[in-house]
Amino acid sequence: MSNIQSSAEFKDYGQQQILLLPPSLEELIEPNHLVRVVNQVVDSMDVSGLINQYKGGGTTAYHPRMLLKILLYAYSVKVYTGRRIAKALRQDIHFMWLSGMSRPDFRTINNFRSSRAKEVIEALFEQVLLFLVKHEHIKLENYFCDGSTLAADGNKHKIVWKKNAERFKDMAGEKCRELFKQIDTLNAAENKQYAGSDLEERGLSAQEVTAESIDEQVEKLDAIIASGTGKKHQRKANSLKKKLREKQAKIVGYEQQIAIAAERSGYNKTDTDASAMRMKNKELLPAYNVLAGCEDQFIVSVSIHQNTNDGSCFNDHLQKLKTQNHELPKAIIADSIFMSKIMNCWKRKKQ
């Protein structure tokens with residue numbers, strides 16, 4: 001009997017077998033699958049603000065509630081790019097069920113999240129938060145908060161430093177003051193005004209050079225050029241005017257850089273909102289300081305800052321959290337750098 005060999009048997013396999021009734025996607029998805037949770041959450045949300053982003057007219061558009069479901073579920077399963085989401089809508093039964101078999105292309109998906117959804121994302125996030133509180137997934141009792149630097153999508157070699165802009169502006173201003181002296185020497189009318197006094201005694205060397213003050217000097221040169229006093233003087237006046245305009249353009253550019261930097265030490269040319277920050281690998285890159293707080297693994301609030309100091313940004317983070325939830329959590333768990341800010345927060349809360 002031991003020498004008898006039984007032949008292997010396999011289940012029926014026929015790719016061309018026609019089904020009498022096609023299967024329903026509803027039956028193929030598990031009752032407790034994440035895609036059903038996303039579907040339930042978005043169905044309970046008020047998306048009137050999102051719908052109001054559509055002006056109407058033209059061809060019919062994909063429903064914003066469906067597009068929002070797709071984006072939220074895609075992010076939940078770590079699918080981020082428009083092309084990959086569009087591919088999932090053609091291949092993944094969970095995306096197919098969620099979209100009702102609609103297949104928006106990647107351009108439609110990208111346009112939706114970068115324009116219409118972007119305008120109301122804060123309000124939608126607040127509704128999700130209220131949903132979590134209502135269903136007791138979170139209770140806003142223990143709020144865990146921390147910050148992290150997030151690299152921006154900017155060229156690391158295009159960082160503009162505020163101190164450099166101020167220094168270069170001062171250097172350009174000094175050059176302009178030298179040109180102002182030459183203009184006064186060239187302009188005979190100025191000699192009468194100063195009545196023999198040296199220009200330095202009238203404070204010209206300390207005068208702040210602005211675009212307006214340069215325009216005034218250019219007007220003097222234009223008067224010399226128009227007077228026809230002599231070709232030599234006219235050539236000199238034209239040369240000075242050209243140099244002044246060049247310095248004026250530089251000063252205006254430096255002033256713009258200083259204004260963009262504002263309270264920051266610098267910014268990135270390709271992403272002016274990004275600040276130069278030291279990353280964990282010690283590399284200096286354009287980045288943002290992101291503060292995030294969570295409870296029971298649910299993200300409760302996120303705020304983005306241009307300052308690298310977590311403690312300095314914490315008050316703004318708490319104000320945003322209070323705006324979203326209309327109250328602060330009972331306990332905040334964070335690093336020691338937040339401690340002074342937390343104590344001040346509790347003092348104001350008791351008052």
Side-chain angles (χ1 to χ4, degrees), residues 71-72 74-82 84 110 113-114 117-119 121-122 124-126 128-129 138 140 142-167 256-325 328-329 331-345:
L71 282 180
L72 290 179
Y75 293 164
S76 300
V77 294
K78 298 182 180 180
V79 179
Y80 303 111
T81 66
R84 290 188 178 276
N110 289 337
R113 64 178 166 186
S114 63
K118 186 178 180 180
E119 297 296 328
I121 191 66
E122 291 291 341
L124 295 175
F125 181 83
E126 184 176 344
V128 174
L129 192 60
I138 58 176
L140 294 178
N142 298 313
Y143 184 73
F144 296 84
C145 182
D146 200 3
S148 180
T149 51
L150 181 66
D153 188 16
N155 190 330
K156 65 180 181 180
H157 303 294
K158 297 292 184 179
I159 295 177
V160 177
W161 297 104
K162 183 179 179 181
K163 286 185 177 179
N164 287 344
E166 292 174 340
R167 180 163 57 89
Q256 290 176 348
Q257 292 177 355
I258 295 170
I260 294 173
E263 300 299 324
R264 298 177 290 166
S265 60
Y267 66 92
N268 185 261
K269 281 187 177 181
T270 52
D271 184 354
T272 56
D273 291 330
S275 304
M277 298 184 183
R278 189 73 64 182
M279 309 301 287
K280 290 183 178 180
N281 60 0
K282 306 302 181 182
E283 189 176 6
L284 196 63
L285 295 175
Y288 296 94
N289 186 13
V290 180
L291 296 187
C294 66
E295 184 181 35
D296 291 337
Q297 300 185 26
F298 287 102
I299 296 176
V300 178
S301 183
V302 176
S303 60
I304 302 175
H305 308 271
Q306 297 173 319
N307 194 327
T308 57
N309 187 282
D310 291 341
S312 302
C313 305
F314 194 51
N315 278 338
D316 293 336
H317 179 79
L318 289 179
Q319 288 301 319
K320 181 177 181 181
L321 176 63
K322 187 176 181 180
T323 302
Q324 291 174 333
N325 308 301
L328 291 173
I332 298 177
I333 299 92
D335 294 337
S336 58
I337 192 173
F338 296 96
M339 189 54 62
S340 61
K341 303 296 180 181
I342 293 174
M343 295 304 296
N344 292 335
C345 173

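Below, all heavy atoms of this structure are taken into account, side chains as well, without hydrogens, waters or symmetry copies. For clarity, every value in this text was computed on a predicted model and none was experimentally measured.
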| note | Separation between CD1 (I304) and CG (D316), nearest 0.5 Å, reads 13.0 Å
| field | Test salt bridge (Lys or Arg N to Asp or Glu O under 4.0 Å) applied to E119 - qualifying residues, sequence neighbours left out | value | none
| message | Can you tell me how far apart CG (L129) and CG (L321) are? Round to the nearest 0.5 Å. | response | 8.0 Å
| Is E295 reaching over with its side chain to a backbone N or O of N142, donor-acceptor style, under 3.5 angstrom? | yes
| request: Please name all residues satisfying side chain to side chain contact (heavy atoms under 4.5 Å, CB included) with V77, sequence neighbours left out, ordered by chain then number. | output: L34, Y73, V79, F95
| message | Going by side chain to side chain contact (heavy atoms under 4.5 Å, CB included), name the residues that satisfy it together with T308, two or more places apart in sequence or in a different chain. | response | M277
| Euclidean distance, Y143 OH relative to I138 CD1, rounded to 0.5 Å | 10.0 Å
| note | K163 meets the salt bridge (Lys or Arg N to Asp or Glu O under 4.0 Å) criterion, sequence neighbours left out, with none
| query | Under 3.5 Å, side chain of R264 to main-chain N/O of A276, donor-acceptor pair present? | reply | no
| request: Can you sort out the partners of T81 under side chain to side chain contact (heavy atoms under 4.5 Å, CB included), two or more places apart, ordered by chain and number? | output: R84
| Which pair of non-hydrogen atoms, one from R113 and one from Y75, has the smallest distance, and what is that distance? | NH1-OH, 3.1 Å
| task | With the side chain counted from C-beta on, respond yes when L318 and I332 share a heavy-atom pair under 4.5 Å apart, and no when they do not. | result | yes
| request: Using side-chain hydrogen bond (donor to acceptor under 3.5 Å, both in side chains) as the criterion, list what pairs up with T270, not counting sequence neighbours. | output: N268
| Under a 4.5 Å cut-off applied to non-hydrogen side-chain atoms, are V302 and V290 in contact? | yes
| query | Taking only residues two or more places apart in sequence, or in another chain, which ones meet K156 in a side-chain hydrogen bond (donor to acceptor under 3.5 Å, both in side chains)? | reply | E283
| Is any side-chain heavy atom of K269 less than 4.5 Å from a side-chain heavy atom of N155? | no
| said: Going by the rule ring pair (Phe, Tyr, Trp, His ring centres under 6.0 Å), which residues pair with F298 if we only count those two or more places apart in sequence or in a different chain? | reply: H137
| query | Which value, rounded to the nearest 0.5 Å, describes the distance between I260 atom CD1 and Q257 atom CD? | reply | 7.5 Å
| Close side-chain approach of Q306 to E263, heavy-atom, < 4.5 Å | no
| query | Any chance CD1 of I299 has more than 12 other-residue heavy atoms, nucleotides or ligands included, within less than 6.0 Å? | reply | no
| By side-chain hydrogen bond (donor to acceptor under 3.5 Å, both in side chains), which residues pair with N309, not counting sequence neighbours? | S312
| Pairing residues for I258 by the side chain to side chain contact (heavy atoms under 4.5 Å, CB included) criterion, not counting sequence neighbours | K162, A165, E166, K169
| Which residue pairs pass the ring pair (Phe, Tyr, Trp, His ring centres under 6.0 Å) test when at least one of the two sits in residues 267-292, sequence neighbours left out? | none
| Side-chain touch D310/N289, heavy atoms, less than 4.5 angstrom | yes
| Can you tell me how far OG of S301 sits from NE2 of H317, rounded to the nearest 0.5 angstrom? | 4.5 Å
Side-chain donor-acceptor distances from residues 144-151 under 3.5 Å, at least two apart:
none

